**Student:** 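Take a look at the following structure, please.
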Amino acid sequence: MKEVSQLHDLERAAQIIRAYGDDSQHCLTLVPENHFFFGTDICGVIPYTLAGKRAMSLGDPVCRPEEQKQLIREYIVFCKNSGYKPVFNSVSRETADLLQALDFSVLKYGEEAILDLGDYSLSGGKKGSLRRNVAKLDRAGIRSEEYDPETERDPVLEKEISELEKQWFAEKKLKLTYSIGDLQFEEPYGRRYFVTRDPDENLLTVLSFLPYRTEKGYCVDVMYRKPDGPTGAMEHAIISAALKMKTEGVEEVSLNIAPLAGIDITDPDTVRAEKIMHEIFCHMDFGYDFKNLYRFKSKFDPSIWKPRYLVYDRRISLISLATSVTNTKGAADVRLYMRYKGFFVSLFLFPNRYRETRQP
């Protein structure tokens, strides 16, 4: 009976997200493992996952904008009655302001890279390297094609994709979740899938895009590439897919969030926790290479870098907050835990090692 109830909640949440899902992160929450809080007097949902007694949600609450404050208040009461302390991850400035007024703590979490397809092109000096790589792979015969499993499943292609996924994670040695989705061919919830191949029909890349803003926007989610594939294959795949969607009337493509990017430690209002997050951005590359991910997204010269925030109950310590975020990402991995623990110890004992103060 519990599984039936969970599936019912998942479908109910999916309907609300289809209607009001303006946040690029919303479709990431449509997984059976999540819990869903539904508004009592309004049509809205806040998906969350539990890390001990901390309720971790992702993206802005889903509802009409004018009803967001009421939905948040209902959710806070629900968390209090359930013994949970809420954490809101990757929310917009507007949502962060609402929560700050309710006495929540706010940290800069990162920035979301968005391509405004209305005027986006590969021209301009900042995109010179990107433009050359895309043109080179076009000349080499690399082609992009879309796969629609909702129309017809292709078991041969899906087997190829599965093999490429194994190669990708064998190289990465760690698979993260929570704010990184899965392919979900069985229940795509509006995802779009693109693959690229070379002239010999070798599979080079796999991409999935999550819909938002009633399919006027799509957000890059899964990105797999052949480890020994040609340089620039992923950039070529993203540009090919984005330009195709542009011809169909899609207005924007989000390259998703660059976590910990954009924290200005020279700002006198920057708090200690944000300074620590900046040091992680600058110096940690195990499990999640924050700096290189930011550099990758910067290659596209995004039209907008949209700030995202981590908002949490003031009773949660910074150590508990960091542990909760790490664990919900599926990284409750001893190796990762020990690497981060070692980094924090080193940071506090030998602060002079970490002098980098600027974004790359």
Side-chain angles (χ1 to χ4, degrees), residues 112-149 151-152 154 156-172 183 185 191-211 215 217-256 258 289 291-305 360:
E112 181 179 10
I114 298 173
L115 311 182
D116 182 346
L117 297 184
D119 58 8
Y120 188 81
S121 71
L122 291 181
S123 62
K126 291 184 178 180
K127 303 189 192 81
S129 176
L130 176 67
R131 183 170 59 251
R132 288 189 292 273
N133 276 337
V134 170
K136 179 181 178 180
L137 294 187
D138 278 341
R139 291 193 298 271
I142 307 302
R143 72 180 194 282
S144 172
E145 57 189 49
E146 186 167 4
Y147 173 48
D148 182 4
T151 299
E152 184 178 2
D154 183 340
V156 175
L157 174 58
E158 290 184 16
K159 184 177 180 181
E160 284 185 278
I161 291 171
S162 178
E163 289 301 316
L164 183 59
E165 179 182 11
K166 290 176 184 176
Q167 294 175 35
W168 175 250
F169 285 114
E171 183 182 65
K172 292 291 179 183
L183 290 170
F185 290 134
R191 283 172 170 80
R192 295 183 67 169
Y193 304 92
F194 293 84
V195 301
T196 58
R197 294 184 183 277
D198 65 16
D200 295 324
E201 295 300 313
N202 295 307
L203 189 64
L204 298 179
T205 67
V206 178
L207 289 173
S208 73
F209 290 81
L210 303 166
E215 300 181 353
Y218 280 88
C219 178
V220 173
D221 181 24
V222 171
M223 296 190 296
Y224 302 147
R225 64 170 174 78
K226 193 170 186 283
D228 59 350
T231 301
M234 188 55 74
E235 292 93 324
H236 177 272
I238 290 173
I239 288 296
S240 298
L243 295 181
K244 179 180 187 296
M245 289 191 277
K246 178 179 179 178
T247 66
E248 301 167 355
V250 175
E251 296 175 356
E252 68 180 45
V253 164
S254 168
L255 302 181
N256 220 317
D289 194 333
K291 187 186 290 187
N292 278 337
L293 182 62
Y294 173 76
R295 286 173 173 162
F296 174 78
K297 295 177 193 294
S298 297
K299 291 180 184 179
F300 296 84
D301 188 23
S303 313
I304 303 166
W305 283 100

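None of these values were measured; they are calculated from a predicted model. The residues of the chain are indexed from 1 along the displayed sequence.
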**Student:** Under 3.5 Å, side chain of Ser298 to main-chain N/O of Tyr294, donor-acceptor pair present?
**Tutor:**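 Checked: pair present.
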
**Student:** Which pairs with one or both residues in residues 113-131 pass salt bridge (charged side-chain N to carboxylate O under 4.0 Å, His left out), sequence neighbours excluded?
**Tutor:** Lys127-Asp301

**Student:** What's the shortest heavy-atom distance between Glu235 and Leu130, and which atoms?
**Tutor:**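 Shortest heavy-atom separation between Glu235 and Leu130 comes out as CB-CD1, 3.5 Å.
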
**Student:** Is the side chain of Lys246 donor-acceptor paired with the backbone N or O of Leu117 at a distance under 3.5 Å, no angle test?
**Tutor:** yes

**Student:** How many angstroms lie between CD1 in Ile114 and OG in Ser254, if you round to the nearest 0.5 Å?
**Tutor:** 5.5 Å

**Student:** Please evaluate residues Arg132 and Lys136 with respect to the criterion side-chain contact (heavy atoms from CB on, under 4.5 Å), reporting the C-alpha separation (whole Å), side-chain torsions for both, the decisive distance (0.1 Å), and the verdict.
**Tutor:** CA-CA 6 Å; Arg132 288 189 292 273; Lys136 179 181 178 180; over 6 Å; no

**Student:** Is there a donor-acceptor pair closer than 3.5 Å between any side-chain N or O of Asp200 and the backbone N or O of Asn202?
**Tutor:** no

**Student:** For the atom pair CD (Glu146) and OG1 (Thr151), what is the distance rounded to the nearest 0.5 Å?
**Tutor:** 9.0 Å

**Student:** At their closest point, which heavy atom of Tyr120 faces which heavy atom of Phe300, and how far apart are they?
**Tutor:**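 Closest approach of Tyr120 to Phe300: OH-O, 2.6 Å.
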
**Student:** Taking the inter-plane angle between the rings of Trp168 and Tyr224 on a 0 to 90° scale, is it parallel (under 30°), tilted (30 to 60°) or perpendicular (over 60°)?
**Tutor:**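 If you compare the ring of Trp168 with that of Tyr224, the planes turn out tilted.
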
**Student:** Could you state the interatomic distance from CG (Leu115) to OG (Ser121), rounded to the nearest 0.5 Å?
**Tutor:**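 Rounded to the nearest 0.5 Å, the CG-OG separation comes out at 11.0 Å.
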
**Student:** I'd like to check the salt bridge (charged side-chain N to carboxylate O under 4.0 Å, His left out) partners of Glu248; sequence neighbours left out, ordered by chain and number.
**Tutor:** Arg192, Lys244

**Student:** Measure the shortest side-chain to side-chain distance between Leu210 and Arg191 over non-hydrogen atoms and say whether it is less than 4.5 angstrom.
**Tutor:**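 Answer yes - side chains close enough.
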
**Student:** Between CD of Glu112 and SG of Cys219, what distance do you get to the nearest 0.5 Å?
**Tutor:** 6.0 Å

**Student:** Please test Asn133 against His236 for side chain to side chain donor-acceptor pair (under 3.5 Å), starting from the C-alpha separation and ending with a verdict.
**Tutor:** CA-CA 7 Å; Asn133 276 337; His236 177 272; over 6 Å; no

**Student:** How long is the straight-line distance from CE of Met223 back to CZ of Phe209, given to the nearest 0.5 Å?
**Tutor:**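 Those atoms lie 9.0 Å apart.
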
**Student:** Quick one, Met234 and Lys299 - any side-chain contact, counting heavy atoms below 4.5 Å?
**Tutor:** no

**Student:** Taking all non-hydrogen atoms of both residues, which atom of Ala237 and which atom of Thr205 are closest, and how far apart?
**Tutor:** CB-OG1, 3.3 Å

**Student:** Could you pull out the closest heavy-atom pair between Ala113 and Pro302, with the gap in Å?
**Tutor:** CB-CG, 3.6 Å

**Student:** Would you sort out whether Thr196 and Ser144 count as a side-chain contact (heavy atoms from CB on, under 4.5 Å), showing the intermediate values?
**Tutor:** CA-CA 4 Å; Thr196 58; Ser144 172; 3.9 Å; yes

**Student:** Is there a side-chain contact between Phe296 and Ile238 (heavy atoms, below 4.5 Å)?
**Tutor:** yes

**Student:** For Asn256 and Val220, work out which heavy atoms get closest and say how close.
**Tutor:** ND2-O, 2.9 Å

**Student:** Could you walk me through whether Lys226 and Glu163 pass the salt bridge (charged side-chain N to carboxylate O under 4.0 Å, His left out) check?
**Tutor:** CA-CA 10 Å; Lys226 193 170 186 283; Glu163 289 301 316; over 6 Å; no

**Student:** Return the minimal non-hydrogen interatomic distance between Pro230 and Leu204, and the atom names on each side.
**Tutor:** CD-CD2, 3.9 Å

**Student:** What residues form a side chain to side chain donor-acceptor pair (under 3.5 Å) with Ser208, not counting sequence neighbours?
**Tutor:** none

**Student:** Give me the ring orientation class for Tyr193 and Phe185: parallel if the planes are under 30° apart, tilted from 30 to 60°, perpendicular past 60°.
**Tutor:**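 Plane angle between 30° and 60°, so tilted.
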
